[in-house]
Amino acid sequence: GIGAMTSFFVGCLLGGWRPGSALPSSGTAYLQATTMTQTAIVMGQVGAGQAMRTERRSVFSVGLLSNRLLLAGIAFEISLAVALVYVPGLNRVFHQAPIPASWWLVLVVWAPVVFFAEEGRKAIVRRRESARGGHCSGVSPDRESVLSADVRSRGELDNEVKGGKQ
């Protein structure tokens, strides 16, 4: 949303557009602006992929590098985004254009912005939950907690069945 639109307008500005004039609808400036938009979405998804691995717990508690498959996915996603920008046949098909390396400084900002926004939301949920003495109404427990409770319940049930407590 905000990252994509901001990046589009920054791409237009860096491509020569000035407020008050018509936005470009074709040409290099337009293609670079759409490149900025698409790549900003990718970078936001990198931050979201890392941050949304838990519902309420901080990702720092499970480790940023603990999910190797996610890290491989992020590397592939970024590699594909770079290919879409710089490989001549691909960028033509996807209506993108090469952007100067300095423009990536605008784009890499979106991963930590999304990541820390989600970490902030989770911190607020945890604080509210703690203030209410445990469970925050309307907020489901973390998936990890549900899974552990389910596994624990199954283990207790197995023990009861084996021990003759049917």
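The figures that follow rest on heavy atoms only: side chains count, while hydrogens, waters and symmetry mates do not.
Rounding to the nearest 0.5 Å places CG of Asn91 at 7.0 Å from CD of Gln96. Within the model, atoms CG of Leu65 and CG of Leu70 stand 10.0 Å from one another, a figure rounded to the nearest 0.5 Å. Residue Met52 holds its CE atom at 10.0 Å from CD of Glu119, rounded to the nearest 0.5 Å. Interatomic distance, Met36 CE to Thr6 OG1, rounded to the nearest 0.5 Å: 10.0 Å.
Across all their heavy atoms, Leu84 and Gln38 have their closest contact at CD1-NE2, 4.0 Å. Annotation for Ser66 and Arg53: closest pair OG-NH2, 2.6 Å, computed over non-hydrogen atoms. Minimum interatomic distance between Pro24 and Trp17 (heavy atoms only, all atoms of both residues): CD-CD1, 3.9 Å. Closest of all the heavy-atom pairs between Gly15 and Gln32 is CA-OE1, 4.4 Å. Between Glu77 and Val46, the closest heavy-atom pair is OE1-CG2, 3.5 Å. The nearest pair of heavy atoms linking Val114 to Ala48 is CG1-N, 3.6 Å.
No side-chain donor-acceptor contact under 3.5 Å links Ser7 to the backbone of Ala4. Using a distance-only test at 3.5 Å, with no hydrogens or angles considered, no donor-acceptor pair links the side chain of Thr37 to the main chain of Met5. Under a 3.5 Å cut-off, the side chain of Arg18 and the backbone N or O of Leu13 do form a donor-acceptor pair. A donor-acceptor pair is defined here as one N or O able to donate and one able to accept, closer than 3.5 Å; such a pair exists between the side chain of Ser79 and the backbone of Ala75.
Counted by atom type alone, Arg126 and Ser58 present zero donor-acceptor pairs between their side chains at under 3.5 Å.
Looking at Glu55 and Lys122, their side chains never come closer than 4.5 Å, going by heavy atoms from C-beta outward. With contacts defined as side-chain heavy-atom distances shorter than 4.5 Å, the pair Ile74/Gln50 qualifies.
Under the 4.5 Å side-chain heavy-atom criterion for grouping Ile, Leu, Val, Met, Phe, Trp and Tyr, Val106 is connected to Val82 within one hydrophobic cluster. Residues Phe94 and Phe8 are members of separate hydrophobic clusters, defined by side-chain heavy-atom contacts under 4.5 angstrom among Ile, Leu, Val, Met, Phe, Trp and Tyr. Linking ILVMFWY residues whenever their side-chain heavy atoms come closer than 4.5 Å, directly or via other members, leaves Val85 and Tyr30 in distinct clusters. Both Trp110 and Ile99 belong to a common hydrophobic cluster when Ile, Leu, Val, Met, Phe, Trp and Tyr are linked at side-chain heavy-atom distances under 4.5 angstrom. One hydrophobic cluster, built from ILVMFWY side chains closer than 4.5 Å, holds both Ile78 and Tyr86.
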